Amino acid sequence: MDDKLQKPFYAALGVITLGLLGWGAASAGAQGIAFGLFTALTLGGSLICVWERSVVRSAFSLMGTFTGVAGLFLLLGADFLAVAQILIYVGGILALILFGVMLSPPDLAERKLSRVLGGLALMLGAVAWVGSKVAGTVAWATTDELPEPTTKVDEIGVAFLDPEGYVVPFELAAMILTVALVAAVYIARRKASDLTDPRAEERA
Amino acid sequence: MTEINTPPEPPEAKTIEIPEKARTLPSGEREFMLDVSTSDLEVNMGPQHPATHGVMRILIRTDGEVVTGGQVHLGYLHRCAEKIGENVEWLQYLPYTDRYDYLSAMNNNLGYSLAVEAVMGVEIPRRATLLRTICAELNRIGSHLIAFGTYGLDIGAFTPFFYCFREREWMMALFEKICGARLTYSYIRIGGVFNDAPVGWLKEVERFCDVFEEKWQEYYDLLVVNHIFVQRTAKIGVITPEMAVDYGLTGPMLRGSGIDFDLRRDMPYMAYDEISKAGVYDVPLGRGEKGELGDCWDRVYVRVQEMMESIKIIRWCLGCIEDGPVIGDIPKVLKVPPGEAYVGIENPRGELGHYVASDGGKVAKRCRVRGPSFCNVAVLEKLLPGTFLADSVAIIGSTDVVIGETDR
Amino acid sequence: MNLMALEAATTGNAFTELLGGIAPEGTPTWALWLGAAGAGVGILVAFVSLVAMFSVWLERKVSAHIQCRYGPMYAGGWHGWAQTLADGVKLLLKEDMIPLGADKPLFMLAPALVLGAIFGALVALPLAPGFFFADVNMGLFLILAFSSLTTIGVVMAGWASNSKWSLYGAMREAAQVVAYEVPLGVSLFVPLMVAGTFSLTEASAAQSGWFGMHWFIFQNPFMLPAFIIFFIAALAETKRAPFDLPEAESELVAGFMTEYSGIRWSFFFMEEYAAMFLMSAVGAVFFFGGYHSPLTALFPEEATTGLLYQLVCAGTLIFKSFVGVFVMMWLRWTLPRLRIDQVMSMGYKYLTPLALVCVLGAAIWETIFA
Amino acid sequence: MKDFDEIYQRLEAIKAPGLLSADRPREGDPEDKTDKGRAGEAFVLIEPAAAKEFLIAVRDDAELAFDILADLTATDPDTEDENFWLNLHLLSLGHGHRLAIKAMVPKADPVVPSMVDAHMAAHFHERECAEMFGITFEGNPDPRNILLPDDWEGHPLRKDYEFPKEYHGISCE
């Protein structure tokens, strides 16, 4: 991608961020500023992720997205979810992604501007289409006040393991993750017949 | 991202061999990531790198953490010692000998002096011989202390290094008292030694021996039998006896592989014949105690034990030293009769050989130095493939190279 | 959307109260909140800097005395107490170097991210009852989350330096932290089960009483192994010897810090010492009674709200943390470094299963006896 | 442990390839002023082309068993001399004796077969010898310069070596 476009892109991002912050401050005060900040982080991170031609930079920009989403969770009063988001996505998954990305050889030519723009356009179109459909059909329940946030961890824990609560989806998710793990190991391993022991000759 | 602006690697890199079996680690661990295609990374370890003990450069090819090839590049400290030997007078060359293996300068002086004396056929006074022995063995201790301490650094243990330097400091103070220099002594001269030991010096050496024996146990307990240290060094960098002989390794590298050979005992020079026959000291050998025969641990163990054996030799010398002259009848301007001789002595790092050829003049015709590190370092290219990056550091450290000597 | 969570986190905070006292009538709450947050950040930065400076000085002295040396003796007078300060000034004045091929924005961002993450983690640490930056009711969770953020910073630093040694350091850090995050978290489940809360304040408060008999470490037989696992994993998390592979100086020159110099380099240093302090403090809170000590037990019930009591409590916790820091230093200057495969196998093959066994055993024990 | 004469007899007995003669230290002729004799140690002279076979022969012979190649170097005796000396020093671990070997390599065509097959230890020594004297060791697996830079001109240990005036713009004077 042309390096000349880097500066305008980041300048546009900065402008959007400032705009979001201003809009937030104007409409909802401090909460608005926080919302604007986290939204800018989320959107900006994902945009950079698509834009940057360096895969590692893309991966790092995901950190902004994850943190922004965590902030949004925090604003919604789900602070357990917010912290879990940071711990699992940033601390765990992102570290793994980076580990994988850094091990893979760089392929700078892969991302062409046309492809990036095409992808962006496709994505925006899809979001707009789904959004219009959803906005037209779903009746949103809106309220001016949120319920008192319950952030008691033991309540969440009980809810996960309560037969009346979410034990089935919770266990199902665990099962699916285990299956995925086993499958990943299986795919990553060669078949036993492919594995030749390099020391077999020496032993013989 | 902009590429870093470095000149392209010289084409020598392609000579690295990547044996396919390198993927099996010497510890017997299964190869990993066989099917994930990773690209090899060529890393310059050195010329300035903490693990190369000077300015050696090792071009390492790595696949993740596994080293798949290594190539030793020498010459960053080449100071033309052999050419200088052909241009300065016999005695003037002596200070240059200090500078190839700067950690055991006394032994280098001794090797050169013995070689020149072998051509000249000079008689050395008894007191001079014993003083030479004491100094050489003290210097051997000092050299092994550095080898052992820096090896601890390579493995990641800092403290033994300082303990080693504490004793080495005393050793250097002893040398300072006898010859005025702390590192490059030029004390052992052709025909004897430069001057007699000052009053009370021998007593202090004895005290040093007493204290050292106590402190030695500290090193042993702190590092040599430390579990992590053993885990890091056992079964790593195994040099089989056949390999050791083939590569012409000498000194602790050879004995670490279990070959019972010590020039001091098997081809004695100076008073070592007498000392060996009196059964004063033993030759410590690698026995594969913690892992396999000839691994890094064995080599370190041999060095650590040798320090104690040196103490025994020093004590024996102290017991029988008598007053007398310390230098033979040597003219100021030395003329060496035509002839040639090769004398190899047991340096801390192995056989230090001096081949001197004279045409009867004041200047040598050829002054060849066979540095033990130069020969020992050749085995690295064989040992490095198939090890972890951290193991490669352990292996390089266990060869105990002194770059001054490989490059001369 | 609301700010209730954030407000809840900062109410009861000493700064809010203080500012509320001095602020003119009619100041909006959000301004108070911002002011309190600003003051908190300032104090936090000062606190972390002090802790890091003292730790660096302590490390030098500890290492020196272990190695039969004196360490710094001149700067500042008594035992060179100002040596770190002098070094800090020197580092500030050093030329700020960025390698030619480095990824400049990421290279500059990484130290800030690392340090910021550790500040974020320290927010949840209560030094005394009513003496904290934010009473987060899932404090431990927050601390673990933020300290895992430092990993990203380290990886970023290693990658952005465009140096092979740095890259090695970054990869080792990523691998090591992913391996040790699990035993670290799981081993903490054991005291969590007894405490019944993620909040460090509540956990500390639950361990009051005479001479430490209520400390969690004595609560059931699985606490001690859990603590040992926690301590080892904390060593690995904070990149301390024998797990200092990301910066293994004999192999990787300085690992991810190879290309850094000056103030950016000192950020990594500060992070390392702040993380050591933080991990020790977490250990102290969840195993060794938090800010309670025999000394605090001497206070009569009615005196437990006074400033003196708070200061004694804070002193206790800081002392306990520095005992942990001291042990970490002691280990560092005694032990050689492990190899990467040994580190990995220790984390995955031994510590994780052992931590799980501890959790299971503690759960059974708690069900039967408690 | 054998002395030189015993070793030489054994060498003759096993018909070591390329063996020419022995050179022992001797007293100078008192009549002839130019002959000062020769001091030092005794050595054997061998054919340089057969050096490798010689090394293998003495290595594999049980009574000699020279299993370590201690040193391999060359000497440029004089500018006028037509030959380099190739000096080999062998060491026997089992018997504890040494053997000094000398081979005359003509300066006009300094080519010697590599001795790496006999002793791996020869590898680095040959490389050093090659760059210092310009002797080519045919069959050396890695015949690059070892101590000198790759682009160094000349062979410094030759007696007729002329010191360079500058190297890559660095003045050497």
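If you're wondering where the values come from, they're calculated on a predicted model, not measured in any experiment. Just so it is clear: chains get the letters A, B, ... in the order the sequence lines come, proteins before strands, and each one is counted from 1.
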Is atom OH of Tyr10(A) surrounded by more than 12 heavy atoms (other residues, nucleotides or ligands) closer than 6.0 Å? yes

Please say whether more than 12 non-hydrogen atoms of neighbouring residues, nucleotides or ligands are located less than 6.0 Å from CZ in Phe107(C). yes

Indicate the atoms forming the closest heavy-atom contact of Phe60(A) with Val155(C), along with that distance. CZ-C, 3.9 Å

Could you report the tightest heavy-atom contact between Leu149(C) and Ile86(A), atom names first, then the distance? CG-CG2, 4.2 Å

With a 4.5 angstrom heavy-atom cut-off, which part of [X] approaches chain A: side chain, backbone, both or neither?
| X | result |
| --- | --- |
| Leu113(C) | side chain |
| Val178(C) | side chain |
| Leu144(C) | both |

Please identify, among Ser148(C), Ala175(C), Pro105(C), Ala145(C), the residue contributing the most non-hydrogen atom pairs under 4.5 Å to chain A. Ala145(C)

Segment of Ala82(A) engaging chain C (4.5 angstrom heavy-atom cut-off): neither

